[in-house]
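Every value quoted in this text rests on a predicted model; they were computed, and no experiment measured them. Per chain, numbering begins at 1; letters A, B, ... match sequence-line order.
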Amino acid sequence: MVEIIGLQEAAEMVSDGASVMIGGFIGVGGPNSIIEALIENNVKDLTIISNDTVTPDLGIGKLVVNKQIKKAIVTHIGTNPETGRQMNAGELEIELVPQGTLAERIRAGGAGLGGVLTKAGLKTPVEEGKRKLDINGQDYLLEMPLKADIALLKASKADKAGNLYYNGATRNFNPVMATAAELVIAEVDEIVEIGEINPNDVMTPGIFVNFIVKGGR
Amino acid sequence: MVEIIGLQEAAEMVSDGASVMIGGFIGVGGPNSIIEALIENNVKDLTIISNDTVTPDLGIGKLVVNKQIKKAIVTHIGTNPETGRQMNAGELEIELVPQGTLAERIRAGGAGLGGVLTKAGLKTPVEEGKRKLDINGQDYLLEMPLKADIALLKASKADKAGNLYYNGATRNFNPVMATAAELVIAEVDEIVEIGEINPNDVMTPGIFVNFIVKGGR
Amino acid sequence: MEKAQIIETIAKRVAKELNKGDVVNLGIGLPTFVANYVDAEMQIIFQSENGFVGLGPAAEKGEENADIVNAGGLPVTILPGGAFFDSSLSFSIIRGGHVDKTVLGALQVDEQGNLANWMIPGKMVPGMGGAMDLVVGAKKVIVAMEHSAKGKPKILKKCTLPLTAASEVDMIITEMAVIEVTADGLVLTELGPETTVEDVIAVTEAELIISDALK
Amino acid sequence: MEKAQIIETIAKRVAKELNKGDVVNLGIGLPTFVANYVDAEMQIIFQSENGFVGLGPAAEKGEENADIVNAGGLPVTILPGGAFFDSSLSFSIIRGGHVDKTVLGALQVDEQGNLANWMIPGKMVPGMGGAMDLVVGAKKVIVAMEHSAKGKPKILKKCTLPLTAASEVDMIITEMAVIEVTADGLVLTELGPETTVEDVIAVTEAELIISDALK
């Protein structure tokens, strides 16, 4: 059962210290309006799970600049120099994860799987401290599932049953994140009536979504 | 690069002894016209990977009746009494797999993952002979990836780039199977021009598909 | 009781276990009837493991769509707000704990909440289909079945048939009783119409703890 | 050579490695230029790991679509026949061996085909993004880079920086040379324009086997 709420209401659901999955790829397909509200709220000590930390002037990047993040589990921080600075200064903990592994870890969290067995990261710093499995003579890293308190998604369109539709490359991590958090809030460009998204074309079924918010483009 | 071929041409690509993934759920979303051609060809000793063995008068069910299958990796055989009879008579080897595990094993095969860690099947006959992993104090079964020589899919629509679109509940195992076979042939109700399927709505990207066949509905 | 009355009694009682907005998967056979006793205000979302949420009633004669069938292969409908998906997402929903309640039939259930419902060795081996994933993944597992097989107990001290899953059943609902599976054992919490505790015990092999609040 | 000429030399040579119908992922930076030297008849399908196949040229000024960007976040286009998907399918494509060739830059490559291209400890830690999956998953891994860093070798006996992956590089293409990674070591198969074997050896730390068929 999905409810339509406002940006501030959405932001207030994120508490200090929460773990938050945030969709988007360098901000494209990111819930950037909800993040603006998080910056107003100034919630602190967040653990962020996302592809990257965007740029200093957008979305997650602004949360970094505003020092609201304690830890970030990401694949890439090169587009936001402030992330690297805070990491080197010991102000921000960064866990770097190969992109495919991040997608699978989140998916495993949402799908009730015990972990992910991948070759990505073998014989690199990524394997440090992790269990390795020999499966039929081949080594695989065992990577742990990821879950979060809240997922903040961005979709192009939602119907009033919470079904989501993503345009173009905005889909990225949003559909897997929808499955792996206790509470799921989707910022959307457009809210339509039930029936306006063909049931064949739904990309995230409404059963995964708790709240939708009309965001600015 | 996708080619449009005929039903007989498609059937001829399946050799005696081949492992074949076949989409569909009790025949719905199954490549039933290609299977008719397989019956004409009378290829033998197939290893079939599919959800079920349908009913004796349709699709895979007819392959069973015609004794073309050596082994079937499936989740359910209750809708086809002939499958049970051949199994009990030792004429047909059946590996029963929980449905979610079957989907994940095929997905793992297609996604380059080393295996699937699931609780489904623990403390049941499904766990026999399999490795169990203790992950943070919880037991999981390690289930092996599945791949096949050929996948025979059914889609509602294909464009000439091989992009597939499935109506309703016909999608089922087709998209994961598309990723896990050396050769992928899709039987489709309708072939449309490139551009007629919105790139957002493609369910199986054409890069996975080698051949498309216009089938009868 | 007549067969039809047994089904109605069980299905109606199971329906009461569902909460507003629940995502529910109903097994094939008896559990399917539960949908008949759920009104629209409850906004229950039924999941069909072959690939959709928003499972509606059986299709009217002449209105069948060959592409829309339930997990039994029968022509059904999808309600407004529903969504189709593939088997991989369908079982992410199931295994990942996104189904609030699953209602299944059983051949045997026991004091530990073990369930056997997918094979009788040497006799009948239909396969588990989605049952093992459902029982492991759903937040609450409700067994809905006739209390006994022609007087032969199905609620046992220990299942003798190969299991579908161990210690996953939360509740057993029959035409004679509602039984909760607890750490202490099976607790009889409710009696069916015109049924006594003695009637239930007579066709139950498992030890039953009689609830203080027995209804 | 001028920078622009170096890029052109490398990109043109990499383009020759692509076969008709290949699915190809081009890394950010220099590898991106490879697309400029591939003609439409080749039917190469470029994959963008943020979620599509059919990656086309950069969007024209004024024609940008904010929803269609490449893995570097820049506005691009999708070609007819392309398809969008989520990160999970994107990396199933990559990890699952459905990308025929991946072309990446490198900080260091070595005689075993080890690759380091994602961090310089204490200095620059951009992160691996999709590189570790790409290098492990793609059928053929081509490193495309300037041969040396201002005269300092990048093709080493053994990488000193943290690896992106071990023994996965198949080929190294620079403005000075084409080098194949084999079980016996690095084989110099081709020289760049106006380059001698001695020129290459002078800026290569790794042992080079000179191919009999050196071009």
> Any side-chain donor paired with an acceptor under 3.5 Å for A:N51 and A:Q99?
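There is such a pair (donor and acceptor under 3.5 Å, judged by atom type) between the side chains of A:N51 and A:Q99.
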> Can a donor-acceptor pair be found between the side chains of C:S90 and C:Q47 at a distance below 3.5 Å?
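Yes - a donor-acceptor pair under 3.5 Å links their side chains.
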> What residue, out of A:I194, A:I197, A:D159, A:N198, has the most heavy-atom pairs lying under 4.5 Å from chain C?
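Top count of heavy-atom pairs under 4.5 Å with chain C: A:I194.
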> Within the distance-only criterion (no hydrogens, no angle test), does the side chain of C:T204 pair as donor or acceptor with the backbone N or O of C:V200 below 3.5 angstrom?
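At least one qualifying donor-acceptor pair exists.
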> Against chain C, work out which of A:P199, A:G112, A:G110, A:P145 has the most heavy-atom pairs shorter than 4.5 Å and name it.
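Between A:P199, A:G112, A:G110, A:P145, the count favours A:P199.
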> Set out, in order, the CA-CA distance, both residues' side-chain angles and the distance that settles salt bridge (charged side-chain N to carboxylate O under 4.0 Å, His left out) for C:E190 and C:R13, then state yes or no.
CA-CA 10 Å; C:E190 229 176 287; C:R13 182 59 191 82; 2.8 Å; yes
> Closest heavy-atom contact between C:L191 and C:L188?
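In terms of heavy atoms, the two residues are closest at CD2-CD2, 3.9 Å.
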> Are any non-hydrogen side-chain atoms of C:I68 and C:F84 less than 4.5 angstrom apart?
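Yes - at least one pair of side-chain heavy atoms lies under 4.5 Å apart.
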> Sort A:A161 into side chain, backbone, both or neither according to what part of it lies under 4.5 angstrom from a heavy atom of chain C.
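Interface part for A:A161: side chain.
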> Quick one: what part of A:N200 sits under 4.5 Å from any heavy atom of chain C, side chain, backbone, both or neither?
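A:N200 touches chain C through backbone and side-chain heavy atoms alike.
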> Under 4.5 Å, heavy atom to heavy atom, which residues of residues 159-182 of chain C contact chain A?
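Within residues 159-182 of chain C, no residue comes under 4.5 Å from chain A.
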> Anything under 30° is parallel, anything over 60° is perpendicular, the rest tilted; go ahead and classify A:F208 against C:H98.
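Rings of A:F208 and C:H98: perpendicular, over 60°.
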> Is chain A contacted by the side chain of C:I94, its backbone, both, or neither, given a heavy-atom distance below 4.5 Å?
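Neither part; nothing is under 4.5 Å.
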> Measure the OG1-CD1 distance between C:T189 and C:I209 for me, rounded to the nearest 0.5 Å.
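It is 11.5 Å, given to the nearest 0.5 Å.
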> Taking non-hydrogen atoms and a cut-off under 4.5 angstrom, which of residues 16-31 of chain C neighbour chain A?
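Against chain A, the residues of residues 16-31 of chain C that fall inside the cut-off (heavy atoms, under 4.5 Å) are C:K20, C:G21, C:V23.
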> Whether the side chain of A:R105 engages the backbone of A:M144 through a donor-acceptor N/O pair (distance < 3.5 Å, no angle test) should be reported.
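Side chain of A:R105 to backbone of A:M144: a pair is present.
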> For A:S33 and A:E187, run side-chain hydrogen bond (donor to acceptor under 3.5 Å, both in side chains): C-alpha distance rounded to whole Å, both residues' side-chain angles, the deciding distance at 0.1 Å, then the answer.
CA-CA 8 Å; A:S33 301; A:E187 173 182 334; 3.0 Å; yes
> Taking the six-membered ring of A:Y140, is NZ or CZ of A:K119 closer than 6.0 Å to its centre and within 45° of its axis?
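The answer is yes, since A:K119 meets both limits relative to A:Y140.
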> Which heavy atom of A:P175 sits nearest to which heavy atom of A:R171, and what is that distance?
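That would be CD-O, 3.0 Å.
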